[in-house]
Asks: 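Provided herewith is a single structure, encoded as structure tokens, for subsequent inquiry.
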Protein chains: 2
Amino acid sequence: MGVTLKAIAEKAGVSPTAVSFALRGKNPGKRKLSEHTVERIRQVALDMGYRPNGIARRLVNGRTLSLGLVAWSADRIEEPLFPKFLKGIGRACEDLGYSLELSILYAEQDNHIDRFLTRVLREKTVDGYVLIFVDEINEEDLYRLNAINVPLVWVVRHPLEKSINNVRVDTERGYYLATRHLIEQGCKRVAFLAGDLSFQADLEALMGYRRAIKEFGLPDDSSLIAEGNYRKVPSLQAARKLLDATPRSDGIVAANDISAVQVLNVCNERGLSVPQDIAVIGHNDTALAEMVEPQLSSMHMPAEQMGYDAIAYLVNICKGQNEQTGCVKTFTPELVVRRSSNRKSYG
Amino acid sequence: MGVTLKAIAEKAGVSPTAVSFALRGKNPGKRKLSEHTVERIRQVALDMGYRPNGIARRLVNGRTLSLGLVAWSADRIEEPLFPKFLKGIGRACEDLGYSLELSILYAEQDNHIDRFLTRVLREKTVDGYVLIFVDEINEEDLYRLNAINVPLVWVVRHPLEKSINNVRVDTERGYYLATRHLIEQGCKRVAFLAGDLSFQADLEALMGYRRAIKEFGLPDDSSLIAEGNYRKVPSLQAARKLLDATPRSDGIVAANDISAVQVLNVCNERGLSVPQDIAVIGHNDTALAEMVEPQLSSMHMPAEQMGYDAIAYLVNICKGQNEQTGCVKTFTPELVVRRSSNRKSYG
DNA sequence: TTGAAAGCGTTACCAA
DNA sequence: TTGGTAACGCTTTCAA
């Protein structure tokens, strides 16, 4: 179809080998070509509009120099953290000289996981995969996934097995830090607006919250806990329930910024001032946190760095510089204090 | 490296040809193999853990069955619309049997465009590209881009030339509709909180706003226009300027939801009620619109559909079913009325 | 019906 | 130093 090395070679009166070396420049291997020849070959290639065929190159090199990113759930790519992961992932690919193949799994399509497992993943097209947002996978699919002998790194997943390469967040510590922060601001009764306690991640969060509560001797009461499912309407209801309870809490740790904002709204309804009457902290530090009044404290996720490191880790595995034995990289969320929990500066 | 067709052929005592046909199933070509042989070959392949080499397949087929998505600006992938485009793009790729290669251009890296143009784009690795967010490109880069003879479709770009395949939004009409909506709600003096009027898109927006203003005989005054740069702080200042002017406006069209929310905040500061005193409408219909109180009316972008259509269009070009002559697909934003502009239902 | 062999475009080895 | 040539893994044509 296009212009090939051979065609250039014929026109320039040299061998394809010479063309290959000339065009790659910088003396790959130890081949010497006269400056003059190189220049002529370059000119011919330019004239003919030559574009190297990356596919042929990948075939002969035996490595694709390409990595796959699999978004296990199409819905979750609309979460604010996803583009941040993607940014880090893309940057790492660029830095390390890989290209990135993105697959999105659409739950509403029939057998989407099955199709992916057999058509995409089994076809050798990339050197390895980063899997993101795998919060649900059945035993059989997991088995099939592992049976395919290809380097995998999992990011932000529902914990499954120890034998998996994993880039994760220390959720327990994140909630511990958030809760401790409210206590340090003087809160005496701190509530927890969770997402969905049937998820493993939420249980870890609960543990972190409880650890702080106990450490400082605050009341540990099931009436202090409600679920908002990470979404607006149920969080609003949960926030009302928490704020209308007696005795009332004076601090709330929320599972994400959306639910924390609902707490702010209810405080507004009830005439409670934030942070004086109620101190509030969200989770994930999304753009929303800076949009609301008062601005929302939140736990920041180093998503871009996590994405970067996931790729770097995957590349190591691909190059065989790393055993594939369930190494785990853990990141800790960082406390970002804004007005909603800052009693000291804003009184 | 891995298990090849040849290896399977030897083990099964047949030819590589037979294996190739057997594993692809469904009688590609008109070849007949006995059920029994096919079954045996399949079993051997399974036992040996065979994974077809997609790269070799791509090479011999002459088409990569792969498309590139180029995010011209890494920062803009954090905009709420990007994941929606991506969702449509990914779905189209899935439906049409293509894989997707994502490239992100990081402005902070030296010669990022240059590197992309020479290393990535010139390397034949995909059949064609969708370019997104190209709001700045110099003459020389544009020339080099077009000189590479590869199918391109541009999405959400700064308009440059007529000869470009383009999927775009009818910005003028979007702002016309938004403005007209406020007028229909009874507004007599409508202001425009723009982004940055040095951008072409903002000029189109201004034209749409003005068209509606003039059509209904409302005042057309430069004091009704301010720039907020799409960002929080400058939008807040611009909103104050607009709302403190005399005579005061009773309706504001904003260039995005972030700036519209700043209008809400200022109304709150000034004790103005929304929508009774001031009706407000944003743009892009992001998640933020439903988060604030009162909920924000906005112009909805059919981003997912645009992404889908961009890929479908690109595939047509790749298959040669479409001449590459600057065809343009235009989408119209849809009015989404929420409380911030709805005087009739909420009084 | 089946298999051998040519070819896809590139790289790398090995003679010359 | 140079260029022919084999090889990468697959598909497809052509001959048996």
Side-chain angles (χ1 to χ4, degrees), chain A residues 1-38 40-41 44-45 48-66 97 99 119 122-127 150, chain B residues 1-41 44-45 48-66 119 122-127:
Chain A
M1 206 126 181
V3 181
T4 67
L5 282 189
K6 209 173 109 189
I8 297 173
E10 282 170 12
K11 201 152 198 167
V14 293
S15 72
T17 313
V19 179
S20 173
F21 279 98
L23 294 181
R24 273 181 291 163
K26 295 183 189 170
N27 290 0
K30 292 136 201 173
R31 174 151 312 221
K32 290 255 162 78
L33 290 172
S34 71
E35 271 304 321
H36 180 243
T37 322
V38 168
R40 198 187 56 212
I41 292 173
V44 173
M48 299 180 72
Y50 172 72
R51 295 177 60 206
N53 187 320
I55 301 297
R57 195 170 272 175
R58 289 175 183 189
L59 178 60
V60 69
N61 281 335
R63 289 188 312 155
T64 65
L65 287 183
S66 180
S99 59
R119 282 205 214 144
R122 292 204 45 222
E123 185 111 343
K124 235 179 280 173
T125 265
V126 300
D127 295 339
V150 59
Chain B
M1 208 127 180
V3 181
T4 68
L5 282 189
K6 208 172 106 188
I8 297 174
E10 282 171 13
K11 200 151 199 167
V14 293
S15 71
T17 315
V19 179
S20 172
F21 281 100
L23 293 182
R24 273 180 292 163
K26 294 182 189 168
N27 289 0
K30 291 136 201 173
R31 175 151 310 221
K32 292 256 163 73
L33 290 171
S34 71
E35 271 304 321
H36 180 240
T37 322
V38 169
E39 208 41 59
R40 198 188 55 213
I41 291 173
V44 173
M48 299 180 72
Y50 173 69
R51 296 176 60 205
N53 186 321
I55 302 296
R57 194 171 272 173
R58 289 175 183 189
L59 179 60
V60 69
N61 283 334
R63 289 186 314 156
T64 65
L65 288 183
S66 181
R119 282 204 214 145
R122 292 204 45 223
E123 186 111 341
K124 234 179 280 171
T125 265
V126 301
D127 295 341

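Reminder, nothing fancy here: chain letters follow the sequence lines and each chain counts from 1. Side chains included, hydrogens not; waters and symmetry mates left out as well; all remaining heavy atoms used.
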Asks: Compare the minimum distances between each of dT12(D), dG4(D), dT10(C) and the side chain of Ser20(B), then state the nucleotide with the smallest one.
Replies: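 Shortest atom-to-atom distance from the side chain points to dT12(D).
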Asks: What is the distance, rounded to the nearest whole Å, between atom NZ of Lys6(B) and atom C1' of dA4(C)?
Replies: 13 Å
Asks: Taking the side chain of Leu5(A) as heavy atoms from C-beta outward, which of dT12(D), dG4(D), dT10(C) is closest to it?
Replies: dT10(C)
Asks: Just to verify, what does Thr64(B) make a side chain to side chain donor-acceptor pair (under 3.5 Å) with, not counting sequence neighbours?
Replies: Asp127(B)
Asks: Does any N or O in the side chain of Asn53(A) come within less than 3.5 Å of the main-chain N or O of Ile55(A), such that one atom is a donor and the other an acceptor?
Replies: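 Yes, because the side chain of Asn53(A) sits within donor-acceptor range (under 3.5 Å) of the backbone of Ile55(A).
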Asks: Can you tell me if the side-chain N/O atoms of Arg57(B) get under 4.0 Å from OP1 or OP2 in dT12(D)?
Replies: no
Asks: Can you figure out which of dG4(D), dT12(D), dG9(C) approaches the side chain of Ser15(A) most closely?
Replies: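 Within the option list, the nearest is dG4(D).
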Asks: Leu59(B) or Pro16(B): which one's nearest nucleotide on DNA chain C is closer to the 5' end?
Replies: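 Of the two residues, Pro16(B) wins.
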Asks: Which whole-number value in Å describes the distance from Asp127(B) CG to dC8(C) P?
Replies: 18 Å
Asks: Say you draw a straight line from NZ of Lys124(A) to CG of Leu59(A); how long is it, rounded to the nearest 0.5 Å?
Replies: 11.0 Å
Asks: Just by modelled atom types, is the His36(B) backbone N or O under 3.5 Å from a matching donor or acceptor in the Arg40(B) side chain?
Replies: no
Asks: Where the side chain of Ala18(A) is concerned, which of dT10(C), dG3(C), dG3(D) is the nearest nucleotide?
Replies: dG3(D)
Asks: Which of the following nucleotides, dG9(C), dC10(D), dT11(C), is nearest to the side chain of Asn61(A)?
Replies: dT11(C)
Asks: Which sits closer to the 5' end of DNA chain C, Thr37(B) or Val60(B), going by the nucleotide each is nearest to?
Replies: Thr37(B)
Asks: Between dC10(D), dG4(D), dT12(D), which nucleotide gets closest to the side-chain atoms of Thr4(B)?
Replies: dC10(D)
Asks: For the helix from dT1(C)-dA16(D) to dA16(C)-dT1(D), figure out the bend between the end axes, five pairs an end, and round to 10 degrees.
Replies: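 Between the axes fitted at each end of the helix from dT1(C)-dA16(D) to dA16(C)-dT1(D) lies an angle of 60°.
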Asks: Does dC10(D) have OP1 or OP2 sitting under 4.0 Å from an N or O in the side chain of Arg58(B)?
Replies: no
Asks: Indicate, yes or no, whether a donor-acceptor pair under 3.5 Å links the base of dA4(C) to the side chain of Thr17(B).
Replies: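 Yes, the side chain and the base share a sub-3.5 Å donor-acceptor pair.
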Asks: Which residue pairs satisfy the salt bridge (charged side-chain N to carboxylate O under 4.0 Å, His left out) criterion with at least one member in residues 51-61 of chain A, sequence neighbours excluded?
Replies: Arg57(A)-Glu123(B), Arg58(A)-Glu101(B)
Asks: With sequence neighbours excluded, give me every salt bridge (charged side-chain N to carboxylate O under 4.0 Å, His left out) pair touching residues 7-23 of chain A.
Replies: none
Asks: Considering residues at least two apart in sequence or located in another chain, which fulfil the side chain to side chain contact (heavy atoms under 4.5 Å, CB included) criterion with Leu23(B)?
Replies: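 Per chain and number, Leu23(B) pairs via side chain to side chain contact (heavy atoms under 4.5 Å, CB included) with Leu5(B), Ile8(B), Val19(B), Ile41(B), Arg42(B), Ala45(B), Tyr50(B).
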